[in-house]
Amino acid sequence: MFQNFNKNNVDNKIDKKKLDKNLKIMSLSAIVLIVLFFYTLLKTDTSLEGTSYYGGMIFLFVLLVLTFVLQKYKDQIRAKLHPDEKFGNQMEKAEEQYESGENKTKLAPSYTSVDPITSNITFEDVAGISAIKQELEEVVDFLNHPKKYQKFGVSLPKGVLLVGPPGVGKTLIAKAVAGEASVPFFYQSAASFVHIYVGMGAKRVKELFMAAKAKAPSIIFIDEIDAIGKERGLGSNDERESTLNELLTQMDGFESNSGVMIIAATNKIEVLDDALLRAGRFDRRVFLSLPSKEDRLSILQLYLKNKKSNFDIEKLSSDTSGFNSAALSTLINEAVLHMIKRDGNTLLEEDISQAKQKIQYGKKQIKFLDDVQKDILATYQAGKAFITQKELTLFQEGVQLDEYIYPSKTQLQEQIKAYLSGSVALEVLKGESYAIFEQDTQQAYTIAKQMQEEYKMILSVEALIDQLRSDLKTQIKNNMEKITEFKKRLLQDEQLVF
Ligand code: ADP
């Protein structure tokens, strides 16, 4: 069925091309015949008379008129021949119009279902995360004053990739960029591109880019880009791959000064196809993590801006470690609902504690970390920070690694140790193993497997992992004091800065 759909599309395109070509041949033939006819009349002495003369003239005339009529009504004829293809025709027409620069502003709404929104969100609506805002201010400035940059031949990245867990404000910040720059905002979830029909996703990507170009300067925001941007070949899916290829083609097909900025969001940068991260595509990356204690305070203050409240907001910001902004918003919402239920007009401690109860055991199950859980997390992260000597936050997943083009065996072993360090620290300091950050362990095994299978550096994955674990145990045992100090700092500040 998928192939059929695609085949029909391709066949239609071929038919259409044939029709155009035939019409051109017909017109040319008619003109050539007429020229030849008059040339013969001029050059020969024979006089043409009677029915053959008039018949010839009428035939040529009819041929010429028919050609012009067919040429004029070719679209209608085509639509009659292929009724299903109507939308494709409109698209193509719009494409032609756009390409020729005609109707640039009216184009988008007439042929596409992809409509932009006008964002009225600004950076003021985004609390905390000031470093991220600063990074994106440059993008806003570029959209507002493109000439300033073009004058010096500076081209801004075509794509900005926002990387971070769900609910930390990736969509919000992209909307804020659109709002600050006062440009249309085209929102698309990548999952919505992937249809059951091969080719539909690619068509939608094409529509989206055409609409955005027509409304330039504009912002295209593609949420959860990993739904189409997974490395090609990983769990083969024709539709996803054709959609991804179209996205890459579209991104290559416009100049960075075209005024279209693509912002995409993902929480799984590691699964993205390398082609997406190459220069000229999403070459700027902005990492967002769960809000810090200060960020949570700013976010809570923002949510409480127009509400009367009388409770310890600082305590709440410290009690909500591990919460994303969306969870904080849910918490305040629930608290307000409780306040309304008890006929109050000021948010009190009791509203907050009722809300806490509700969200912990309710449908969303947003968990508050108790002291025991926090201690486990902090021990894990302290071990990681000690071994890698890198700054990190209490909730930061993964490990920041030095990037090597040609890593040595020793460097690869160091990377594995970095991934294993948290769980080994827990084993040493707490005498127990915990199910925590499983992706770190998986990464350690992935590198070890590469060392064995691809680089033939080792004979056995298990033997290497055992050896490195044992080295780590000794190293951590010899530095318990330092690691405990790291843990305390993490518990207090939720981050470790050297
Ligand atoms: P993501 O795209 O990362 O999944 P969203 O941008 O959809 O997250 O944010 C989820 C919710 O949290 C939204 O209601 C948004 O308004 C709110 N939110 C997220 N980050 C912030 C922030 N920094 N300041 C204020 N509200 C925020």
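Start at 1 and go down the list; that is how both ligands and their atoms are numbered. Given the structure is predicted, the values throughout are model-derived calculations rather than measurements.
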Novice: Cation-pi between K487 and F386: NZ/CZ under 6.0 Å from ring centre and within 45° of the ring axis?
Specialist: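 Output no; distance or angle outside limits.
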Novice: Considering only heavy atoms of A127, which atoms of ligand 1 have at least one such atom less than 4.0 Å away?
Specialist: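 Near A127, meaning under 4.0 Å from one of its heavy atoms, ligand 1 has 22 (C), 23 (N), 24 (N), 25 (C).
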Novice: Suppose I only count heavy atoms of Y303 and a 4.0 Å limit; which atoms of ligand 1 are within that range?
Specialist: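 Once the distances to Y303 are compared, the set is 12 (O), 17 (C), 18 (N), 25 (C), 26 (N), 27 (C).
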Novice: Any donor-acceptor pair under 3.5 Å linking the side chain of T330 with the backbone of A326?
Specialist: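 Flag set: sc T330 to bb A326 pair under 3.5 Å.
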Novice: Counting the benzene-type ring for Trp, do Y445 and Y419 have ring centres under 6.0 Å apart?
Specialist: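 Between Y445 and Y419, the centre distance exceeds or equals 6.0 Å.
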Novice: Do NZ/NE/NH1/NH2 and the carboxylate oxygens of K175 and D125 come within less than 4.0 Å?
Specialist: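 Salt bridge between K175 and D125, a charged N being under 4.0 Å from a carboxylate O: no.
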Novice: Could you check atom 4 (O) of ligand 1 against the protein and tell me its nearest heavy-atom contact, residue, atom and distance included?
Specialist: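 Checking every protein heavy atom, the shortest distance to atom 4 (O) of ligand 1 gives G167 N, 2.8 Å.
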Novice: Using a strict cut-off of 4.0 Å, indicate which atoms of ligand 1 neighbour a heavy atom of P166.
Specialist: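 Close to P166: 4 (O).
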Novice: Give the residue and atom name of whichever protein heavy atom lies nearest to atom 16 (O) of ligand 1, and the separation in Å to one decimal.
Specialist: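 Minimum-distance protein heavy atom for atom 16 (O) of ligand 1 reads L172 CD1, 3.7 Å.
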Novice: Judging by distance only, is a nitrogen or oxygen of V168 under 3.5 angstrom from one on ligand 1?
Specialist: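 Min N/O separation from ligand 1 is below 3.5 Å for V168.
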Novice: Under the 3.5 angstrom rule, does the side chain of S309 hit a backbone N or O of F311 as a donor-acceptor pair?
Specialist: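 Such a contact is absent between S309 side chain and F311 backbone.
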Novice: Just need the protein heavy atom nearest to atom 2 (O) of ligand 1, so name the residue and atom and give the distance.
Specialist: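 Answer, as residue, atom name and distance: T171 OG1, 2.6 Å.
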Novice: Ignoring hydrogens and geometry, is there a side-chain-to-backbone donor-acceptor pair from N479 to K482 under 3.5 Å?
Specialist: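 Flag not set: sc N479 to bb K482 has no pair under 3.5 Å.
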Novice: Indicate yes or no: does D274 engage R278 in a salt bridge with an N to O separation below 4.0 Å.
Specialist: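 No, D274 and R278 are not salt-bridged.
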Novice: Where does L302 meet ligand 1, judged by heavy-atom distances below 4.0 Å: at the side chain, the backbone, both, or neither?
Specialist: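 Side chain only.
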Novice: Which residue and non-hydrogen atom of the protein lie closest to atom 8 (O) of ligand 1, and at what distance in Å?
Specialist: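 For atom 8 (O) of ligand 1, the nearest protein heavy atom is G169 N, 3.1 Å.
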Novice: Please answer whether the main-chain N or O of Q495 pairs with a side-chain N or O of E391 as donor and acceptor at a distance below 3.5 Å.
Specialist: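 No: the side chain of E391 does not pair with the backbone of Q495.
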Novice: Answer yes if a protein heavy atom lies under 4.0 Å from atom 13 (C) of ligand 1, otherwise answer no.
Specialist: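 When distances to the protein are checked, atom 13 (C) of ligand 1 has no heavy atom within 4.0 Å.
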Novice: State the atoms of ligand 1, each with its element, that fall below the 4.0 Å cut-off from a heavy-atom position in D125.
Specialist: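 Under 4.0 Å from D125, ligand 1 has these atoms: 24 (N), 25 (C).
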Novice: When you check the gap from the basic side-chain N to the acidic O, do R284 and E135 get nearer than 4.0 Å?
Specialist: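 Judged by the 4.0 Å cut-off on N to carboxylate O distance, R284 and E135 do not form a salt bridge.
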Novice: Go through ligand 1 atom by atom and flag the ones less than 4.0 Å from a non-hydrogen atom of V126.
Specialist: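 The list of qualifying atoms is 23 (N), 24 (N).
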Novice: Specify the protein heavy atom at minimum distance from atom 10 (C) of ligand 1: its residue, its atom name, and the distance to 0.1 Å.
Specialist: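 Going by distance alone, atom 10 (C) of ligand 1 is nearest to A326 CB, 3.9 Å.
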Novice: I need the nearest protein heavy-atom contact for atom 20 (N) of ligand 1: residue, atom name and distance, please.
Specialist: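 The protein heavy atom lying closest is S325 OG, 3.1 Å.
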